[in-house]
Student: 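Pasting in a structure now, in structure tokens, and then I'll have a few things to ask.
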There are 2 protein chains.
Amino acid sequence: MGAAVLRKTAEERRREIIAAAFAEFAERGLHGASTDAIAHRAGVSQPYLFRLFGTKKDLFLAAAEHCYRITLETFLRATEGKRGDEALEAIGEAYHELLSDRQKLRMQLQTHAACDDPEVRALARRGFGQLVELIERASGADPGRVRDFVAFGMLLNVMAALDVLEAEEGWPRRLMDACRDVCHEEV
Amino acid sequence: MGAAVLRKTAEERRREIIAAAFAEFAERGLHGASTDAIAHRAGVSQPYLFRLFGTKKDLFLAAAEHCYRITLETFLRATEGKRGDEALEAIGEAYHELLSDRQKLRMQLQTHAACDDPEVRALARRGFGQLVELIERASGADPGRVRDFVAFGMLLNVMAALDVLEAEEGWPRRLMDACRDVCHEEV
DNA sequence: GGAGAAAGGGAGTAATCAGTCACTACTTAC
DNA sequence: GTAAGTAGTGACTGATTACTCCCTTTCTCC
């Protein structure tokens, strides 16, 4: 009786819960977000969330892993068949694609902030390391360029957290105006 | 009777509690740290902590402000009487001084991570903005250089969080090896 | 149609934790 | 000495929260 009760596969629920967790964790961090809020956002009961993920931290790890994976995939797709400066430029553009969704930048920051936990730290090292190595490999650029490039990514994370990415004036604007050429040779 | 009960001024206690809060918040973040642990570390009761700071968030704000202030002071001292590249180089060296105490780097990261709170965000914008403006003003460098410099600072925060500042090999080492020349002209 | 598996949740529980209250002990000024 | 102020805490409390027990409902396959 009543409307059809529309059930989904566990795998699909898992994806939906990770998406909800992503949003909550990105905003409030590992300790600031509550499993209640995540379950509610995902449209499931909180017990079912625990059924599928075991612990809050495991859910956080899943969300963080997801974050690294989609970033890595975005970069891989961008650099496909490219080399050197061309590849670096392509990653730069891909970065701007990520920029449109602040959640990803903030999630990365929250992952770094949660790194006093050994498991989180291990995941972050692996995920971040893969990104750096991809940039090194695909661009073939000298270490200084790679450093500037990666560092600029970290600056973007911070700007997203401070919510000054679209600032119209002052130091945030000056920093962002100087971003156009981050993937080109300077002077 | 008994050993002298050694009392201190409220001002001194305030400083000690901020120091303890700094350590706890830097490691575990605004939501991850407990006022109990902070009070215990500071050697006071938890009620007294609340007496002096009102709320946990106010204590966090005080600790974050302290973090920005000592960083700013370090930079100011370093650039005293210097101009241009010389000033930038001096700040670079001052950065290395901060590097020796990972707590400061991590606290900055935790402050950024807590920025979904409007008060924290306001403080972070102000504090971070002052640092950027000091670097702009003291160095007189072009926007690209300033951006690279500030961005590198953010990268250091992340490296501190991942605990790879002293890595002997792999991508962390390559990134850090490329750090020597961050305050010099390249190629 | 019935048996077994898989999806899903109602109603807890134990612990943690921010914040309060009411009180004691010491210090200073007169 | 005493009054007023300041340093300091033991013992709570109400709310939140991670996590569990056990039950119901739907699907699948014979």
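Just so it is clear, the values below take in all heavy atoms, side chains as well, and ignore hydrogens, waters and symmetry mates.
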Student: Using a cut-off of less than 4.0 Å, is there contact between a side-chain N or O of A:R13 and OP1 or OP2 of C:dG8?
Tutor: yes

Student: Carefully, step by step, assess B:Q46 and B:D36 under the rule side-chain hydrogen bond (donor to acceptor under 3.5 Å, both in side chains).
Tutor: CA-CA 6 Å; B:Q46 191 239 24; B:D36 243 335; 4.8 Å; no

Student: Nearest nucleotide by nearest heavy atom, which residue falls closer to the 5' end of DNA chain D, B:L49 or A:G32?
Tutor: B:L49

Student: Could you tell me whether the phosphate oxygens of C:dT27, OP1 or OP2, come under 4.0 Å of any side-chain nitrogen or oxygen in B:R7?
Tutor: no

Student: Would B:L131 and A:W171 count as a side chain to side chain contact (heavy atoms under 4.5 Å, CB included) here? Give the steps.
Tutor: CA-CA 10 Å; B:L131 289 178; A:W171 60 266; over 6 Å; no

Student: Please report, rounded to the nearest Å, how far the C1' atom of D:dA7 is from the NZ atom of B:K8.
Tutor: 12 Å

Student: Which heavy atom of A:I70 sits nearest to which heavy atom of A:K104, and what is that distance?
Tutor: CD1-CE, 3.6 Å

Student: Under a 4.5 Å cut-off applied to non-hydrogen side-chain atoms, are B:K8 and B:E16 in contact?
Tutor: yes

Student: Measure from the side-chain heavy atoms of B:V44 and tell me the nearest of D:dG8, D:dA18, D:dT9.
Tutor: D:dT9

Student: Just compare D:dA11, D:dA18, D:dC21 and give me whichever is closest to any side-chain atom of B:P47.
Tutor: D:dA11

Student: Rounded to the Å, how far apart are A:K56 NZ and D:dT20 P?
Tutor: 14 Å

Student: For A:E11 and C:dA6, what is the distance between atoms CD and C1' respectively, to the nearest whole Å?
Tutor: 14 Å

Student: Write down the distance between CD (A:E24) and C1' (D:dT17), rounded to a whole number of angstrom.
Tutor: 14 Å

Student: Is there a side-chain polar atom (N or O) of A:S45 under 4.0 Å from OP1 or OP2 of C:dG8?
Tutor: no

Student: Could you state the NE2-P distance from A:H40 to D:dT16, rounded to the nearest angstrom?
Tutor: 15 Å

Student: Taking NZ, NE, NH1 and NH2 as the nitrogens, is one of them in A:R102 or A:D163 under 4.0 Å from a carboxylate oxygen of the other?
Tutor: yes

Student: What is the separation between atom CG on A:D36 and atom P on C:dG9, rounded to the nearest whole Å?
Tutor: 13 Å

Student: Please report the distance, rounded to the nearest Å, between CZ in B:R51 and P in C:dC23.
Tutor: 14 Å

Student: Whether the side chain of A:Q46 and the base of C:dG9 hold a donor-acceptor pair under 3.5 Å is what I'd like checked.
Tutor: no

Student: To the nearest angstrom, how far is B:Y48 atom OH from C:dC26 atom C1'?
Tutor: 12 Å

Student: Pick base, sugar-phosphate or nothing for B:A33, based on heavy-atom distances below 4.0 Å to the nucleic acid.
Tutor: sugar-phosphate

